[in-house]
**Student:** 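Okay, handing you the structure first.
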Amino acid sequence: MDKTETQISFRVTNDFKERLEVQAHKERRSVASMVRIVMEDYLAEKENE
């Protein structure tokens, strides 16, 4: 993975954060890693449309 060059922050609901934490735990990932993977998958899908 590339070295992190910048940071993005945004607000989510408590429920959304809890859901992310649960899924990240299941996959043995950090929440930040989980968000990055989900966003990368989304962008890859959209770029291939």
Side-chain angles (χ1 to χ4, degrees):
M1 182 183 326
D2 294 334
K3 182 178 178 187
T4 301
E5 295 180 13
T6 189
Q7 183 176 347
I8 298 174
S9 60
F10 55 94
R11 294 185 182 274
V12 296
T13 64
N14 290 336
D15 179 62
F16 187 84
K17 183 177 179 231
E18 289 173 14
R19 291 168 59 204
L20 274 173
E21 290 170 336
V22 167
Q23 192 60 39
H25 180 73
K26 287 179 182 177
E27 297 187 25
R28 298 179 141 181
R29 301 180 185 279
S30 66
V31 171
S33 175
M34 191 80 240
V35 170
R36 190 168 39 254
I37 289 167
V38 170
M39 293 176 81
E40 286 173 352
D41 289 350
Y42 174 83
L43 289 175
E45 180 181 320
K46 290 298 182 179
E47 290 167 349
N48 289 323
E49 286 184 351

**Student:** Would you compute the distance between atom OG of S33 and atom CG of L20 and round it to the nearest 0.5 angstrom?
**Tutor:** 11.0 Å
**Student:** Answer yes or no: does atom CD1 of I8 have more than 12 heavy-atom neighbours from other residues, nucleotides or ligands under 6.0 Å?
**Tutor:**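 Open.
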**Student:** How long is the straight-line distance from CD of E21 back to CZ of R29, given to the nearest 0.5 Å?
**Tutor:**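 So the CZ of R29 and the CD of E21 are separated by 16.0 Å.
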**Student:** Could you pull out the closest heavy-atom pair between F16 and T13, with the gap in Å?
**Tutor:** N-OG1, 3.0 Å
**Student:** Holding to side chain to side chain contact (heavy atoms under 4.5 Å, CB included), I want the full list of residues that pass it with D41, two or more places apart in sequence or in another chain.
**Tutor:**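 By the side chain to side chain contact (heavy atoms under 4.5 Å, CB included) rule, D41 matches I37.
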**Student:** Which atom names give the shortest non-hydrogen contact between S30 and A24, and what distance separates them?
**Tutor:**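 Scanning both residues completely, I find the closest heavy atoms to be O-CB, 3.8 Å.
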**Student:** Does any non-hydrogen side-chain atom of Q23 lie less than 4.5 Å from one of K26?
**Tutor:** yes
**Student:** For V38, enumerate each residue passing the side chain to side chain contact (heavy atoms under 4.5 Å, CB included) test, keeping only those at least two apart in sequence or located in another chain.
**Tutor:**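 Side chain to side chain contact (heavy atoms under 4.5 Å, CB included) list for V38, sorted by chain: M34.
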**Student:** Test of understanding: clusters of I, L, V, M, F, W, Y form through side-chain heavy atoms closer than 4.5 Å, transitively. Do V22 and V35 belong to the same one?
**Tutor:**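 Different clusters.
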**Student:** Of E45, K46, M39, which meets side-chain contact (heavy atoms from CB on, under 4.5 Å) against Y42?
**Tutor:** K46
